[in-house]
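Below is one structure, written out as structure tokens, with a few remarks after it.
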Amino acid sequence: MSERIEILLDEDTVDAKVKEIGELISRDYEGEEVHMICILKGGVYFMTELSKRVTVPVSMDFMAVSSYGAGTESTGRVKIIKDLDDPVEGKNVLIVEDIVDTGRTLTNLKALLKQRNPKSIKICTLLDKPDRRVVEMKADYTCFEIPNEFVVGYGLDYAQKYRNLPYIGIVKFDEE
Ligand code: 5GP
């Protein structure tokens with residue numbers, strides 16, 4: 001089997017939307033500072049591009065998490081693989097994520113970070129697959145709602161490949 005990538009959202013479309021969301025965030029946080037938290041690794045490309053479009057002062061930090069498997073999801077916890085370097089207390093936290101799928105990761109992560117007393121906490125996602133939702137979760141900023149397909153590019157991987165694609169594509173498998 002070989003795989004090919006079918007373009008879902010091309011580079012110009014993604015860039016234009018990221019710029020638009022960056023401008024919206026700049027307006028919403030007028031007179032404030034925003035502390036962006038990138039969820040590794042998928043959120044890296046989105047956060048760097050988004051932050052370039054934000055005109056209020058930006059600071060940033062990075063976190064890697066994994067959600068517990070199906071058996072323990074009701075406990076509502078995330079496993080921290082890499083924690084933040086700095087405290088979030090008193091800051092306007094903006095979690096920057098690649099994609100919301102079932103909604104478990106962000107629901108749990110938001111609850112965890114809330115316990116650290118930020119001034120405010122919001123979520124910004126590049127992609128959203130609303131059809132896949134298991135836990136009710138609505139991001140404050142969403143660039144694109146997409147169908148229930150496995151996508152790569154702009155930070156998202158398939159077996160650690162394709163993160164560097166400048167567009168969003170669907171992975172298709174061809175019989176050889
Ligand atoms: P959930 O919302 O289910 O807790 O998990 C979201 C995470 O699942 C994302 O951060 C991402 O790592 C992974 N994920 C969900 N859908 C996709 C997809 O279509 N492509 C890729 N590459 N990862 C996905």
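For ligands, and for the atoms within them, numbers begin at 1 and follow the listed sequence. This structure is a prediction, so every number in the text was calculated from the model and none was measured.
- Taking 4.0 Å as the cut-off, Lys129 counts as a neighbour of ligand 1 on heavy-atom distance.
- Between Tyr158 and ligand 1, no N or O atom pair is found at a separation short of 3.5 Å.
- Here is the list of ligand 1 atoms found below 4.0 Å of a heavy atom in Thr105: 1 (P), 4 (O), 5 (O).
- Using a 4.0 Å cut-off to heavy atoms of Leu156, the atoms of ligand 1 that qualify are 20 (N), 21 (C), 22 (N), 23 (N).
- Contact atoms of ligand 1 toward Glu149: 19 (O) (distance under 4.0 Å to a heavy atom of the residue).
- Distances from ligand 1 to the non-hydrogen atoms of Met137 include no value under 4.0 Å.
- Within ligand 1, counting atoms from 1 as listed, the ones closer than 4.0 Å to a heavy atom of Glu97 are 10 (O).
- Under the 3.5 Å distance criterion, with hydrogens and angles disregarded, no donor-acceptor pair is assigned to the side chains of Ser2 and Asp174.
- For Glu23, the salt bridge (charged side-chain N to carboxylate O under 4.0 Å, His left out) partners are Lys19, not counting sequence neighbours.
- Not close to ligand 1: Gly42, with no non-hydrogen atom less than 4.0 angstrom away.
- Of all the atoms in ligand 1, the ones that sit under 4.0 Å from a non-hydrogen atom of Asp98 are 9 (C), 10 (O).
- Put simply, part of Val151 is less than 4.0 Å from ligand 1, judged by heavy atoms.
- Residue Gly103 approaches ligand 1 through these ligand atoms, each under 4.0 Å from one of its heavy atoms: 1 (P), 2 (O), 3 (O).
- Under the ring pair (Phe, Tyr, Trp, His ring centres under 6.0 Å) criterion, Phe150 pairs with no residue at all, not counting sequence neighbours.
- The distance from ligand 1 to the heavy atoms of Arg104 drops below 4.0 Å at these ligand atoms: 2 (O), 4 (O).
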